[in-house]
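Quick caveat: nothing in here was measured; it's all calculated off a predicted structure.
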Amino acid sequence: MTFLASGFTWFNLIPGYDALEANVSHQLGDSFIDGEPVHSITHLTLTLFATAVVMVLVALTRRSWAAAETRGVPEGRFSVANLLETIVDTVLGLGEQVLGSRKQAERFLPLVGTLAIFIFFQNALALLPGFVPPTDNLNTTIGPAIAVFIATHYFGIKENGLHYLAHFLGPKIGGVPWLAPLFLLLETISHLARPISLALRLFGNMYGDHAVLGIFLGLAALPLLYPIPIMLLGTVVVVVQTLVFCLLTLVYIALAIEHSEEAH
């Protein structure tokens, strides 16, 4: 089981995979994040794998819904449909609490719900022997973080027009006009820090969780039993980090679309 604690994945057992990975990595050149040569595309492979799994689960859920309409009675046991419905209901509940209404929560469900499912299933690969979570790589987590950054400002401008940009200059009521350049600098730094914070938080927690599990897998005399408490803790990390990412996304959206005169 020591090999499971390393960078090994089941994809490495596929004939020709290692050579293909080395060739593609070489073609990619240097990493955008740290400028170092790319040595592995495992995170890309596993991201595609997790996405394919989600697509299959969604197809099974649609079939389950169609069968439920035919039967007239939903399934009474745990199923793939119940899992996805639980994720969606949780996101809707968070959205309703943060945004203040069910209607607004439903409005942003396609974005936040997609993020929740995307991140949850990638995180969950950390719990499966022979896999590593793509989210323990900063190149993976920066993608959804940038998407959230772009989306929040898009929704802010769509909701409030160009007046949305005025909140970068500080509060309008009781404000001091000559402090506008300072507010502009502070707000710009604050907003640019958001995607960095989102990406680093998810990456750091998933990297740490996977590293701890790998250490226990390598040291345990009974590797199949000893790391179970760590894996249970890892399950909590997987869920919590998904919720934190979605919660912060909703908070950023709420701040962007608010109509408060004081905030603009």
Side-chain angles (χ1 to χ4, degrees), residues 43 46-55 57-58 61 78 80-128 132-159 190-210 232-258:
H43 63 288
L46 290 171
T47 295
L48 292 174
F49 174 75
T51 302
V53 169
V54 169
M55 293 177 67
L57 296 182
V58 169
T61 299
F78 180 80
V80 170
N82 290 338
L83 173 61
L84 295 183
E85 288 167 5
T86 299
I87 296 175
V88 171
D89 285 341
T90 301
V91 171
L92 277 174
L94 282 176
E96 190 171 358
Q97 293 180 40
V98 175
L99 301 173
S101 71
R102 185 79 171 185
K103 182 178 179 180
Q104 287 285 63
E106 292 174 350
R107 175 186 174 189
F108 297 106
L109 177 63
L111 171 64
V112 186
T114 299
L115 287 171
I117 293 174
F118 177 79
I119 293 172
F120 173 79
F121 281 95
Q122 291 200 61
N123 288 353
L125 289 180
L127 306 175
L128 302 178
V132 295
T135 44
D136 77 348
N137 188 300
L138 190 57
N139 292 282
T140 301
T141 60
I142 196 67
I146 292 176
V148 170
F149 176 78
I150 295 173
T152 52
H153 292 294
Y154 167 78
F155 289 127
I157 294 175
K158 182 179 180 180
E159 188 75 15
S190 172
H191 282 260
L192 290 177
R194 290 179 180 180
I196 298 174
S197 173
L198 284 173
L200 288 177
R201 180 183 292 105
L202 180 57
F203 156 72
N205 283 280
M206 294 311 303
Y207 181 86
D209 175 70
H210 183 246
L232 292 176
L233 179 61
T235 303
V236 175
V237 173
V238 165
V239 174
V240 169
Q241 290 308 310
T242 303
L243 290 175
V244 168
F245 196 101
C246 293
L247 179 60
L248 290 175
T249 299
L250 287 166
V251 170
Y252 296 153
I253 291 174
L255 292 173
I257 67 173
E258 66 179 349

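The side-chain heavy atoms of Val91 and Leu115, taken from C-beta on, include no pair separated by under 4.5 Å. Taking 4.5 Å as the limit, some side-chain heavy atom of Leu192 sits within range of a side-chain heavy atom of Phe149. The shortest side-chain heavy-atom distance between Phe118 and Thr47 falls under the 4.5 Å cut-off. Side-chain contact between Thr86 and Thr90 is present, with at least one heavy-atom pair separated by less than 4.5 Å. The shortest distance between side-chain heavy atoms of Leu111 and Ile253 falls below 4.5 Å. Side-chain contact between Leu99 and Arg107 is absent, with no heavy atoms from C-beta onward closer than 4.5 Å.
Aromatic ring orientation, His191 versus His153: tilted (interplanar angle from 30° to 60°).
For the atom pair CG of Leu46 and CD of Gln122, the computed distance is 8.5 Å after rounding to the nearest 0.5 Å. Note: Leu202 CG to Leu138 CG = 9.5 Å, rounded to the nearest 0.5 Å. Of the inter-residue distances, the one linking Glu159 atom CD with Ile157 atom CD1 reads 12.0 Å to the nearest 0.5 angstrom. Distance check: Thr242 OG1 to Leu247 CG gives 12.0 Å after rounding to the nearest 0.5 Å. Separation of atoms CD1 (Ile196) and CZ (Phe203) is listed at 14.0 Å; rounding is to 0.5 Å. Here the CG atom belonging to Leu250 is positioned 9.5 Å from the CG atom belonging to Leu109, to the nearest 0.5 angstrom.
The shortest heavy-atom contact between Ala105 and Gly95 is CB-C, 3.6 Å. In this structure, Ile146 and Pro195 approach most closely via the heavy-atom pair N-CB, 4.4 Å.
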**Report entry** Verdict with supporting geometry, Ile257 and Phe108, side chain to side chain contact (heavy atoms under 4.5 Å, CB included)
**Finding:** CA-CA 12 Å; Ile257 67 173; Phe108 297 106; 3.8 Å; yes
Requested in this report: Give the intermediate values and the outcome of side chain to side chain contact (heavy atoms under 4.5 Å, CB included) for residues Leu198 and Thr141.
Outcome: CA-CA 8 Å; Leu198 284 173; Thr141 60; over 6 Å; no
**Report entry** Verdict with reasoning, Thr51 to Phe121, per side chain to side chain contact (heavy atoms under 4.5 Å, CB included)
**Finding:** CA-CA 8 Å; Thr51 302; Phe121 281 95; over 6 Å; no
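With Thr135 contributing its side chain and Met206 its backbone, the two residues share no donor-acceptor pair below 3.5 Å.
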